[in-house]
Amino acid sequence: MELSKNYTPAAIEDKWYQLWLKKGYFNSTPDERTPFTVVIPPPNVTGVLHMGHTLNETVQDILVRKARMSGYNACWVPGSDHASIATEAKVVQMLKEKGIDKNSLSREAFLQYAFEWKEKYGGIIYSQIAKLGCSVDWNRVTFTMDDHYYKAVIKVFVEMYNQGLLYRGARMINWDVQAKTALSDEEVEYRDIEGKLYYVKYKIVDSYEITDDSNAINYITVATQRPETIMGDVAVCVNPNDERYTHLHGKKVMVPLINKAVPVITDEYVDPAFGTGALKITPAHDIHDYEIGLKHHLEVIDTLTEDGKISEAGQVFIGLDRFEARKRAVEQLKEEGLLIKEEEYTTRLGFSQRTNVVVEPRISTQWFVRMKELAGPALEAVTSGNIAIHPGDKFLATYKYWLENVKDWCISRQLWWGQQIPAWYDENGRIIVAENEAAARELYSGKYGVSNAQLRQDADVLDTWFSSWLWPIEVFYGITNPGNKDVEYYYPTNVLVTGQDIIFFWVARMIMAGMQFKQEKPFSDVYFTGMVRDKLGRKMSKSLGNSPDLLVLIDKYGADAVRFGIMISSPAGNDLLFDEAALEQGRNFNNKLWNAMKLVKMWEEKQAGSKKEQTLSNGEEGSGESAFAVQWFENRLSEVRGEVEDLMKGFKLSEALKTIYSLIWDDFCSWYLEWVKPGFEQPVNAAIYQKTIAFFDDLLQLLHPFMPFITEEIYHLLKERTDDLCVKQFAPLQPANTIILAEGALLKAAITTLRDARNKNGLKPKDAIQLYIQSENSNQFKASEHILVKQVNAEGIAYTEEPVPNTIVVTLEKDKFFIAAENKVDVEALRNELLKDMEYQKRFVESVMKKLTNEKFLQNAKPEVVALERKKKMDAEARIKTIEESLINL
RNA sequence: GGGAGCAUAGCUCAGCUGGUUUAGAGCAUCUGCCUUACAAGCAGAGGGUCCGCGGUUCGAACCCGUGUGCUCCCA
């Protein structure tokens with residue numbers, strides 16, 4: 001078969017994914033094996049995979065594939081959530097384009113459009129997950145608006161209501177004026193904004209006759225950021241201890257623009273140092289004002305409509321948008337001479353995470369979850385170590401802080417797309433909560449003795465997170481069909497992988513739900529990935545245009561390279577600065593693997609001797625050095641497999657990948673393959689060939705969870721197979737022989753030292769040399785001397801007791817190498833090199849001697865540490881001696 | 001304003017219980033190579049006040065204090 005010069009991923013990736021699917025490798029059903037369960041953090045249906053998802057899904061796939069190849073029954077459940085606000089906005093937009101107004105539709109008709117929209121666009125995210133190579137069980141796709149899932153949410157709501165964990169009430173909540181719905185505290189993002197502080201005069205009522213406007217006695221100055229809310233003012237508040245305003249206690253002032261008299265009140269809350277020390281109180285539009293209002297029994301005047309315009313209650317500027325009204329208010333205040341000054345001011349404003357508009361504090365009647373009761377067990381689950389957070393040191397504190405200070409969760413949303421709240425109200429506003437209308441009626445008549453009452457269901461739906469917090473349970477039907485085989489087998493799941501930004505939204509609430517509805521944790525480990533930023537460290541966002549398109553990247557580099565690139569630059573839990581250069585590195589790695597395969601394939605036809613009979617120790621020409629190479633690599637492989645195992649157990653996936661990368665590129669390609677590579681047109685030892693294929697297999701298997709496509713492809717190209725790498729089980733770990741590893745390290749060091757000497761002395765790669773080794777222990781070189789000869793292009797090798805004159809001399813530990821070549825020896829350069837090394841060694845001995853001559857060190861340090869220092873000293877002194885001898889013989 | 005974290009090579013980061021650390025890796029850089037697996041490559045090299053200051057210790061990149069700078073979370 002003709003093999004292309006470089007690896008071409010596109011067709012290969014598609015081929016293998018289809019084959020894996022066809023063979024059902026990703027599907028899981030309960031059996032006698034231990035399960036390894038992961039539920040995907042459901043991306044929302046409106047979205048496409050961004051780089052953050054890509055990182056997340058890749059991490060999950062690595063863990064799942066590794067488990068699948070390690071004897072576990074791996075089950076990775078895919079799905080998406082219905083994203084009520086985002087989806088509803090998209091559907092409304094789509095209807096608008098068709099010329100349909102949402103308000104003209106019935107709820108049922110709207111939902112039908114919404115489901116149609118979901119069917120059409122909701123699948124994009126799944127095709128991207130597949131493109132990336134994710135080994136999810138497609139038979140288990142779950143959507144948070146599936147019938148059973150809908151029922152589960154309703155069931156949980158009713159249950160919680162009956163347990164007193166839910167309540168309905170008027171509170172100040174975060175209001176999204178674009179989506180026209182309430183938001184939870186977590187859905188609000190705070191950002192610093194350059195704003196203005198306006199200093200406005202409030203005239204004092206019944207004061208002295210106003211004769212002179214500059215006379216401060218006639219008015220009080222209030223500083224405000226929001227002059228458009230002046231119409232909702234019900235008081236002006238000062239600190240009771242602020243002497244500047246003592247004379248105003250009990251007085252009244254005129255609210256500008258609407259000329260309404262309101263009292264001056266006092267409260268410790270007011271900071272005399274901020275602004276003018278006088279605060280206007282607008283209970284309807286500020287949370288602190290609201291609380292002060294409650295305390296002082298003040299009226300609440302809501303001057304804004306649900307879409308952020310001035311309402312009738314505002315009296316002026318009616319119908320104007322809040323920001324337009326601000327401009328107009330400022331203009332009018334100026335005209336009336338009531339605006340003293342404007343001041344630049346940096347403030348923090350809340351923005352809706354979904355629509356990005358400034359969130360409006362608003363008093364409204366909503367449903368809330370009492371969080372205190374749920375927080376206890378969720379906190380305990382983590383602090384007791386029952387659930388481990390990785391990296392723990394970083395997020396444990398955040399998690400604890402949130403749970404210890406948790407506020408009630410506003411779960412009602414003024415939307416249609418979502419689970420409609422199962423609460424019914426009669427004409428008197430009495431509440432009945434039940435799973436459906438029939439049950440509600442029955443309950444109602446039982447409770448109040450009235451049948452056929454007018455009952456009206458709550459029009460609102462529940463927060464999307466109120467459904468996704470059930471995810472690890474209900475994807476296995478654990479709420480709607482408790483005790484079923486799947487949920488008993490797969491729950492609790494093993495690990496949840498997600499971004500640190502949704503620790504409260506989701507992780508904490510899922511743990512609450514697990515403890516509350518299943519009396520058991522939802523997962524054993526939580527792995528938080530960092531945020532993906534661009535290479536300048538900026539968050540990726542649509543507005544900056546710095547977020548690359550995943551499919552374009554896969555097209556350009558291949559899915560394996562994308563997975564490699566994102567993992568190699570992703571230290572556990574740290575933010576990762578995404579740079580396409582990392583994908584290039586991945587592509588180059590693909591190519592390296594591809595070419596290594598091509599090299600080995602070339603040997604297939606050119607094997608010396610019969611494949612079966614030949615062994616490594618039969619004295620065949622060239623077998624000696626190769627036997628060493630095989631032995632060494634076998635042990636090196638065992639060693640690295642152990643390291644990778646440990647790294648993966650500690651969720652250090654990036655380091656694990658780096659380790660495998662280096663094992664393949666450096667140890668296998670640069671060292672091992674070069675060591676066993678036959679000369680031009682020469683046959684390869686058949687036993688070595690077989691061993692090399694076996695090593696290659698092991699390397700591919702080790703890499704497979706990270707780069708599934710190319711590894712599967714090469715696995716099948718290396719040899720005729722009946723099995724697939726995807727489900728090949730790892731062999732047990734073998735201990736590595738440290739003596740052989742040390743011999744290999746020495747050989748590598750010798751080769752590098754000699755190559756460096758060649759380089760520095762201007763010897764071309766083609767110039768052959770004669771090599772002499774002076775060593776007290778020359779045996780250590782003999783096992784691998786044929787490799788050494790080949791790797792440094794020596795014509796021959798000899799052992800000597802005496803220095804060899806007119807040669808280039810270099811030292812390695814206590815050993816000396818003499819290189820005889822055609823070139824003239826640059827004595828001066830050699831001398832400098834040796835002197836530099838000696839200088840280093842002498843200073844090293846000095847630093848060691850400092851310790852060894854220190855009585856306190858000898859007394860306090862552990863004996864093995866002292867012994868170690870003695871050895872360091874002896875080694876360095878021996879080396880100095882070697883260098884001195886070399887210098888003399890120059 | 002409250003809390004958490006970080007600061008090590010040009011860049012991104014390792015460095016576990018203080019002692020083979022006069023500090024490692026990848027990328028980038030430099031030098032030499034078109035050596036028939038791979039120039040998307042090969043061989044080699046250079047590069048550091050471990051943020052500043054003070055302390056504990058026989059011994060500090062590591063522990064403690066303090067200052068500075070950056071990042072994140074919360075109000």
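By convention in this document, chain letters (A, B, ...) are assigned in the order of the sequence lines, proteins followed by strands, and residues within each chain are numbered from 1. Keep in mind that what you see is a predicted model, and the values were worked out from it rather than measured.
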### Query
Does the base of B:A43 carry an N or O that pairs as donor and acceptor with the side chain of A:E674 under 3.5 Å?
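Result: no qualifying N/O pair found.
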Pairwise [atom1] distance, [M] and [N] [rounded to whole Å]:
| N | M | atom1 | answer |
| --- | --- | --- | --- |
| B:U8 | B:U49 | C1' | 12 Å |
| B:G24 | B:A9 | P | 14 Å |
| B:C70 | B:C51 | C1' | 11 Å |

### Query
Do the ring centers of A:Y689 and A:W603 come within less than 6.0 Å of each other?
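Between A:Y689 and A:W603, the centre distance exceeds or equals 6.0 Å.
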### Query
What's the closest nucleotide to the A:Y840 side chain, out of B:C38, B:A23, B:A37?
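Per side-chain heavy atoms of A:Y840, the pick is B:A23.
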Students often get this wrong, so: under 4.0 angstrom with heavy atoms, is [X] touching a base, only sugar-phosphate, or nothing?
| X | value |
| --- | --- |
| A:L577 | sugar-phosphate |
| A:M602 | sugar-phosphate |
| A:E855 | nothing |

With 3.5 Å as the limit, what N/O pairs link the protein to nucleotides 44-49 of chain B?
unit_1, atom_1, unit_2, atom_2, d
B:G44, OP1, A:T752, OG1, 3.3
B:G44, O2', A:D756, OD1, 2.9

### Query
Has A:K764 got a side-chain N or O lying under 4.0 Å from the OP1 or OP2 atom of B:G32?
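No, A:K764 has no side-chain N/O under 4.0 Å of OP1/OP2 on B:G32.
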### Query
Think A:K5 has a side-chain N or O under 4.0 angstrom from the OP1 or OP2 of B:A39?
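Indeed, a polar side-chain atom of A:K5 lies that close.
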### Task
Could you run through RNA chain B and flag its stems, i.e. three or more consecutive Watson-Crick or G-U pairs with both distances under 3.5 Å?
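Listed by first number, the stems are B:1-7 with B:68-74, B:10-13 with B:24-27, B:29-33 with B:41-45, B:51-55 with B:63-67.
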### Query
Listed by chain and number, what are the salt bridge (Lys or Arg N to Asp or Glu O under 4.0 Å) partners of A:D185, not counting sequence neighbours?
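If we apply the salt bridge (Lys or Arg N to Asp or Glu O under 4.0 Å) test to A:D185, skipping adjacent residues, there are no hits.
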### Task
With A:R587 as the cation and A:Y557 as the aromatic partner, state whether NZ or CZ is under 6.0 Å from the six-membered ring centre and within 45° of the axis.
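Not flagged: A:R587 not positioned over aromatic ring of A:Y557.
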### Message
Under 4.0 Å between a side-chain nitrogen and a carboxylate oxygen: does that hold for A:R226 and A:E360?
### Response
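A salt bridge links A:R226 with A:E360.
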### Query
Hey, which of A:W675, A:W671, A:F668 is the one that makes ring pair (Phe, Tyr, Trp, His ring centres under 6.0 Å) with A:F633?
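Among A:W675, A:W671, A:F668, the one meeting ring pair (Phe, Tyr, Trp, His ring centres under 6.0 Å) with A:F633 is A:F668.
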### Message
With no hydrogens and no angle check, just 3.5 Å: does a side-chain donor-acceptor pair link A:N590 and A:D560?
### Response
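Looking only at side-chain atoms, A:D560 and A:N590 do not form any donor-acceptor pair under 3.5 Å.
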